[in-house]
Novice: 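One structure coming up, written as structure tokens, with questions to follow.
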Amino acid sequence: MVKVIYRDKTWEIKAGSTVRHVIEQADLNPESILALRDGKLINEATLTEEGDVIKLVSVVSGG
Amino acid sequence: MKCSKCGGLAVINMRQHRLRLCTSHFTEWFATMVQRTIEKYEMFSPADKVLVAVSGGKDSLALWDVLLRTGYEAEGMYIGLGIDEGIGYSDKSLAMCRQFVTEHHPGAVLHVVDLGEEYGQDIPYLAHTRQRGRGKPCSVCGLVKRHIMNRVARDGGFAAIATGHNLDDEVAVLMQNTLHWQAGYLARQAPVLLERDGLARKVKPFVRIYEREAAAYALVRGIDYIYDECPFARGSTTNFYKELLNQLELQSPGAKQQFYLQFLQARDKGEIRFAGEGAVELRPCRRCSQPTTAGDLCAFCRLWES
Ligand code: SF4
Ligand SMILES: [Zn+2]
Ligand SMILES: [Zn+2]
């Protein structure tokens with residue numbers, strides 16, 4: 001399984017999909033989100049692997 | 001996904017530029033893009049001293065970082081607003097700025113002005129007690145920040161105040177102003193506001209940088225920034241427009257960039273014009289001597305009267 005973290009939420013998904021798919025599955029817009037694995041930025045075509053922890057970061061901030 | 005330049009592993013895909021870049025080519029591209037923007041809009045020159053308004057967020061810290069790495073004499077300026085709202089927002093954001101200096105640029109100068117210490121009241125209190133602030137701290141806050149920033153820039157002999165406004169910020173404002181046909185604002189929204197009558201020059205070196213790229217830059221450079229937004233920004237209309245524009249961008253890569261840059265171009269060429277372009281007259285405030293359009297005392301000084 002792959003663990004996904006976004007803001008204060010955490011969930012699990014099956015390994016093997018692209019990061020872009022992970023973002024879309026969470027109903028988020030890939031234009032507004034960046035993904036990190038082990039603290040490193042990863043591109044949207046990266047395939048998730050068993051045991052990955054993927055952190056999604058929103059790039060939108062106001063004020 | 002491979003880097004368009006070296007074939008290494010890409011960390012970001014920028015569809016509007018048809019570029020996929022690895023960490024080192026992305027940081028290089030980013031710095032070049034900012035440098036070109038500074039030159040194109042004649043923001044400042046390498047001999048100038050620049051004051052960077054830092055908030056502890058990704059944009060302003062990324063801006064300070066890239067200016068220092070490019071070799072500019074850039075000093076940071078942080079204003080302590082006293083915003084806590086249960087999450088210690090102001091304390092945390094100052095800590096981020098200090099940590100940035102320690103970890104990335106020891107020796108860089110960070111000016112800190114604490115509103116509560118220097119003027120006796122913080123933003124939540126002012127917003128609560130002043131007519132201007134009723135229900136909208138951002139109005140008081142913006143006024144206070146502009147005033148203090150200008151004072152520090154003038155006193156310190158800075159050629160310009162640089163802010164981290166990115167293309168998404170600008171395009172969100174442009175969209176709001178267009179939807180409401182705010183001619184006065186549309187006339188003035190620009191990457192550079194020239195200095196005049198005691199007002200320091202203001203520049204936005206990130207106007208051609210997508211917010212996504214500014215965040216990516218902070219992340220690949222290992223810059224820790226405050227993820228929490230100011231609690232008063234929650235549910236702001238700006239964020240609503242940004243999300244809306246990103247929907248558009250998703251369907252049509254480059255849409256945000258075109259909307260903003262073509263607006264600037266058309267206005268510069270005189271293809272579109274707005275009433276209210278003429279500059280209003282400014283006079284020095286009786287108390288603080290900063291320029292004001294409002295007769296005797298400036299809006300900042302009046303804030304402390306009421
Ligand atoms: S969101 Fe409003 S109150 Fe918060 S820092 Fe920005 S202008 Fe000030
Ligand atoms: Zn490369
Ligand atoms: Zn005044």
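Quick note on labels: first sequence line is chain A, next is B, and so on, each numbered from 1. All of these numbers come straight from a predicted model, not from anything done at the bench.
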Novice: Tell me, side chain or backbone of B/L219 under 4.5 Å from chain A's heavy atoms, or both, or neither?
Specialist: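 Just the side chain, heavy atoms under 4.5 Å.
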Novice: Is any side-chain heavy atom of A/I42 closer than 4.5 Å to a side-chain heavy atom of B/V11?
Specialist: no
Novice: What's the separation between atom CD in B/Q16 and atom CD in A/E31, rounded to the nearest 0.5 Å?
Specialist: 7.5 Å
Novice: Using non-hydrogen atoms only, which part of A/R37 is less than 4.5 Å away from chain B: side chain, backbone, both, or neither?
Specialist: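 Interface part for A/R37: neither.
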Novice: As an exercise: rank A/G39, A/A45, A/P30 by heavy-atom pairs under 4.5 Å with chain B and give me the winner.
Specialist: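 Ranked by contacts with chain B, first place is A/P30.
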Novice: Give, as side chain, backbone, both or neither, the part of B/Y225 having an atom under 4.5 angstrom from any heavy atom of chain A.
Specialist: side chain
Novice: So, taking the atom named CG in B/N239 and the one named OG in A/S58, what distance separates them when rounded to the nearest 0.5 Å?
Specialist: 8.0 Å
Novice: Mind listing the closest non-hydrogen atom pair of B/N13 and A/E44 along with its distance?
Specialist: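 Where B/N13 meets A/E44 most closely, the heavy atoms are ND2-OE2, 3.2 Å.
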Novice: Find the distance between CG (B/L9) and NZ (A/K40) and round it off to the nearest 0.5 Å.
Specialist: 12.0 Å
Novice: Measure B/F232 against the heavy atoms of chain A and call it side chain, backbone, both or neither at under 4.5 Å.
Specialist: neither
Novice: Can you tell me if B/Y227 has over 12 outside heavy atoms packed within less than 6.0 Å of its OH?
Specialist: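 Atom OH in B/Y227 is crowded, with more than 12 foreign heavy atoms closer than 6.0 Å.
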Novice: Examine whether an atom of B/N246 lies under 4.5 Å from a heavy atom of chain A, and if so say whether it belongs to the side chain, the backbone or both; otherwise answer neither.
Specialist: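 It is both, since atoms from each part get that close.
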Novice: Can you find a pair of side-chain heavy atoms, one from A/T46 and one from B/M1, that are under 4.5 Å apart?
Specialist: no
Novice: Work out which heavy atom in A/N29 is nearest to a heavy atom in B/Q247; give both atom names and the distance.
Specialist: ND2-N, 3.4 Å
Novice: Testing the basics here: between A/L34 and B/R212, what is the closest heavy-atom pair and its distance to 0.1 Å?
Specialist: CD1-O, 3.6 Å
Novice: Heavy-atom count around B/F259 CZ within 6.0 Å, excluding the residue itself: above 12?
Specialist: yes
Novice: Could you check whether atom OH of B/Y185 has more than 12 heavy atoms from other residues, nucleotides or ligands sitting under 6.0 Å from it?
Specialist: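 No, because the 6.0 Å sphere around OH of B/Y185 holds 12 heavy atoms or fewer from other groups.
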Novice: What part of A/L36 is in contact with chain B, defined as an atom under 4.5 angstrom from a non-hydrogen atom: side chain, backbone, both or neither?
Specialist: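 Interface part for A/L36: side chain.
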Novice: Is there a side-chain contact between A/N43 and B/R20 (heavy atoms, below 4.5 Å)?
Specialist: no
Novice: So does A/R7 pair up with B/E229, basic N to acidic O under 4.0 Å?
Specialist: no
